[in-house]
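Note on naming: letters A, B, ... go to the chains in the order of the sequence lines (proteins, then strands), and numbering restarts at 1 for each one.
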Amino acid sequence: MYSEILLCIFKEKGIEEGDRIKLTKGSSSFEGMLLPKIGFGDPTCVILKLDNGYNIGVEAISGIQIELVSKKAKKDEEKIHVGRMQGILPKSRISLLGCGGTIASKIEYETGAVKPAISASELVSTFPELAYAAQIDAKQLFSLSSEDMTPEHWSIMAKEAHDAIKAGADGVVLTHGTDTMHYSAAALSFMLRDLSVPVVFTGSQRSSDRGSSDNKMNLFCSFLCAKSDIAQVGICMHATPNDDFCYFHSGVRARKMHTSRRDAFQTIGAQPLALIDYEKETVTPLCENYPKKDRKRQTVLENAVNSNVALIYIHPGIKGELFSSLSKYDGVVVAGTGLGHISSGADGTDKMTKPVIENVKALCDSGIPVVMAPQTIWGRIDMNVYTTGRKLMEAGVIGNGCDWTPETALVKLMWVLGKEKDKKKAKGLMETNIAGEITQRSDLL
Amino acid sequence: MKCGIEIHQRLDTGKLFCSCPSTLSESTPARIIERKQHPVSSETGGVDTAVLFEAQKDRTFTYLVPPESACLVECDCEPPHKMNEEALFASLSICTQLGSTPMDEIQIMRKTIIDGSNTSGFQRTALIAIGGSLETSRGKVGIQTVCIEEESAGIVRRSGENTVFRLDRLGMPLIEIATEPVIEGGEHAKETARKIGEMLRIAGCAQRGIGTIRQDLNISVEGGARVEIKGAQELEGIPALVENEAQRQKKLLGIMKEVAKRMGDNPEIPAHFPDVTSVFKETGSLLLKKALQKGERVFGLRLPKHAGLLGIELYAGRRYGSELSDYAKSAGVGGIIHSDEDMVKYGITQAEISVLRTRLGMESTDAFVLAAGEERIARKALLAVWSRALESEIPSETRRALPDGASEYMRPIAGGSRMYPETDVPPIRIGQAELERVKNEVGGRNAEEVKNRINSLLNPELAVQILKSRHLNLFLRLCDEGHDAKLIAITLTKTLTELRREGVELRDANSSLIDLFFLYSEGIFVKGAIPHLLRKMAEGKGCEDAVKELGLLRITGEGLKRIVEEEEGSMAGIMKKYSLLIDADELKEFLRGYKAD
């Protein structure tokens, strides 16, 4: 925001953002379009867009003259058309649900950074070629950054996807921020039972306002995925740093493994579900036994969720009080070290060791499910190998033998506790494979 | 005629928005990345013509990633880091020399470019100062803007619709100095470019070597258009580029007037590109035969009432037909054949031409253009020719400078709507503290002061040589350290050039020469030993080791006394035997005392 004095001057002179103004400061003068002030710039600097396209900041010190040259003109709409995918009118009906994220981001003057502001239908109009791929029903659910998503948003996404499937969609594509996309994808994997068509999450790592954005390829490949016969919830994103092909990752096994690369998503502990070739427009399944698309199958919606669940990360020096403070939660997921460990003092009487196992036991005793997941991300929990693990199981920690990611364990616990009030049954359900989150074999990948 | 000049000089600092060094790498690329790019709207909603033009080309780009000089930022896989301060402050110090006014708050922008030369689809650039001027023999040339921007990726090769780039050059910092369009002609443009180049070189922040400085020219004549000629690397070529462009625009104006006169009320050119392959089924033309053998086809375009116009010479070696051909080439064909060319040259017979003229429905006053290639590309090429022929004004173009003073069409000139704020990097406030820092810490050498100093230290011939030398910075540094200016100048110009001719190249010239002069000033060896030592050092030896290995330790004191006695005080005799070991001045001094004894 501009300083109050500047805002007063603009008001007094009838100047609004987008107007052409002239600033005279000593012997220099600058003429251009007044731009909104971005959040972290100096509020006393007026931002002008010069005719050559450059933006500059001019400090409005005393003695500066600000004049209105002309009011802003109405901008001409210019449509972009780039040919691709010529062909007959498509038969597939795809429901496109917009949730926000980088894929829908453009500049926001409030902060000068990017924010999700492009609707699902705007996204389709940006890539008119999509119309050749499918008949698209676009609907905007939210315009949220990934980190602002809550478990309650998952319930809405699941309900909307379910509605779209009931209404005859051959597949559902959700555009979503990438940071927490794997949480949402895991949630929908649990919430949509007996899924009849593909439900595909996609997004982009580079914002849509740049020519190199990965949005176009991710979106096209997601449409191909949604039209395929893999009736599963998953994430379709770049498989490599190239614009060549995408992977379709299982919703319960996908994880964002890089802050910024296009190929940030990986399938943890398994092969991706499919490879989607952007050029050839093909979907090649990489797993044999996947649920096939069957429009006759009734997809069941189980979207209740209990968001009162915590996920904590074990680290050297962790304090017992931290566990005590978790007693207000209905469930706790612990990202333990190695095979699934928390300090138990099992090695004897070292004075510096501060075991926290008693605090964990107290939590378990109070009836709160405490679920173990690996902070190594890759690998299976095995609490039988070391004394610590055995002590944890004795204390009541569950999850032994599970090869889920901490995030999937968290989402599952929220879903289980939303569905099952009986703590004992809830624990049983936790340790039962629902959507591929617990496997029996660890392949050498 | 109006002419302005833009100088792009690479700065000798790390890359502008990441922590990679600004060095071109010879190594094998660690990774190869393939990408596509698509057009995007600018901040104010428009799509730039130059951007749309590139998008129509539907190209795939391949990027070679040399491990030591490109990271995830160049790969467009990580957001940019903050702007390199050294580059920014070096540029601000240049602004001070030009008398340009720095911006109070620098806004980093993205200039949309989707020709693949930037992995991100844009070039990061920021306007850092405006105004200022430069003295020239024809008066002051005003400075319009000073920008700091990222260098693009270097092209390795272009094949068909794919272009291969290397990422080592991408992101190197460039200072761009643009003058007002007040330059009076080719020679004046050359002088201005030379002065700016010299100033940057002397300031000490410029990278040296081939390709590190480029001049772009902005030229327009009355009634013509603003044309930007990119990439003039040699100062000598500038006058011809300027004069030829002015001439081209004047001639084109004449041609357009003639077209208007001939076509009268009906300026239509039908956008009809019939397939005329069958005309050349039995052709003897090698060019067409080769195309047909590859399965390509030939398409034609009739240009009504254009007979004779395509052959009009714009300047030596360039005709109106070459202009149309450039447009066709930009669509992906190798060139065109047109009716004002000598058909014998192509091996096309009169009979073929007759059939062709009938097929195209031509009258005697019409001209034709042929393009051969894959159907989609050949038609796209003729569409480009057609739209260029329809222009009723000289199009504003970006052209590429060619070595012979000519230029060729690259793309429509880019407008302001390709600029978009770089949202990943906050603006940079340039307040009093920053300006003080430029003045007190960065300084930057003033061109006039340095020239005066060099002229006072060296004879005119050596002064000119050292000013042009790539080792200018080193010369000034060694002079600052108190070494003998003349000896440094001779070593840096003559000695190093002679050694290079022998094939001797110092790997790290700067540090080797600093060591060399330090040891010389300590009296470790004599002047005459320098070329021998440098030869040894080029093998990777340190200076001290080279002295020991070659046995070139200076003889002085008792040693000198003994030799003088052995040689019975004969200066000539001593120097004949010991010129690489004894300093002549010291010997002379010693002999004076010796003889007096």
Worked verdict on B/K36 versus A/D243 for salt bridge (Lys or Arg N to Asp or Glu O under 4.0 Å) = CA-CA 6 Å; B/K36 290 178 190 303; A/D243 290 334; over 6 Å; no
Closest heavy-atom pair and its distance - B/Q107, A/I47 | NE2-CD1, 2.9 Å
Chain A contacts, top residue of B/C77, B/G131, B/G121, B/C75 (heavy-atom pairs, under 4.5 Å) | B/C77
Side chain / backbone / both / neither for A/E59 at chain B, heavy atoms under 4.5 Å | both
For the pair B/E105 (side chain) and A/G41 (backbone), establish whether a donor and an acceptor sit closer than 3.5 Å, ignoring hydrogens and angles.
-> no
What option among B/T119, B/I106, B/T125, B/V425 has the most heavy-atom pairs under 4.5 Å with chain A?
-> B/T125
For side-chain contact (heavy atoms from CB on, under 4.5 Å), just list the numbers for B/R429 and A/D42, CA-CA rounded to whole Å, side-chain angles, deciding distance to a tenth of an Å, and then say yes or no.
-> CA-CA 7 Å; B/R429 184 78 168 88; A/D42 184 335; 2.6 Å; yes
Does CD1 belonging to A/I5 count more than 12 external heavy atoms closer than 6.0 Å?
-> no
From A/I56 CD1 over to B/I128 CD1, what is the distance, rounded to the nearest 0.5 angstrom?
-> 13.0 Å
Heavy-atom side-chain contact between B/L72 and A/R261 under 4.5 Å = yes
Would you say A/K71 has more than 12 foreign heavy atoms packed within less than 6.0 Å of its NZ?
-> yes
Does the side chain of B/P79 reach to within under 4.5 Å of the side chain of A/S260, using non-hydrogen atoms?
-> yes
Does B/E436 CD have over 12 foreign heavy atoms under 6.0 Å away?
-> yes
Identify the two heavy atoms, one from A/G53 and one from B/M419, that lie closest to each other, and give their separation to 0.1 Å.
-> O-CB, 3.0 Å
Scanning both residues in full, the closest heavy-atom pair of A/N242 with B/R35 reads CA-NE, 4.3 Å
With the side chain counted from C-beta on, respond yes when B/D104 and A/K25 share a heavy-atom pair under 4.5 Å apart, and no when they do not.
-> yes
Can you see which heavy atom on A/N52 is nearest to which on B/L127, and at what distance?
-> ND2-CD1, 4.1 Å
Below 4.5 Å from any heavy atom of chain A, which atoms of B/I130 appear? Answer side chain, backbone, both or neither.
-> side chain
Quick one: which residues of residues 143-150 of chain B reach chain A at under 4.5 angstrom, heavy atoms only?
-> B/T145, B/C147, B/E149
Spacing of B/I430 atom CD1 and A/C45 atom SG [to the nearest 0.5 Å] | 10.5 Å
State whether the side chain of A/S212 and the backbone N or O of B/Q37 hold a donor-acceptor pair below 3.5 Å, judged by distance alone.
-> no
Is there side-chain contact between B/M103 and A/F30, with heavy atoms separated by less than 4.5 Å?
-> yes
Part of B/S120 within contact of chain A (heavy atom distance under 4.5 Å) | both
Measure distances from A/R262 to the heavy atoms of chain B and classify the residue's part below 4.5 Å as side chain, backbone, both or neither.
-> both
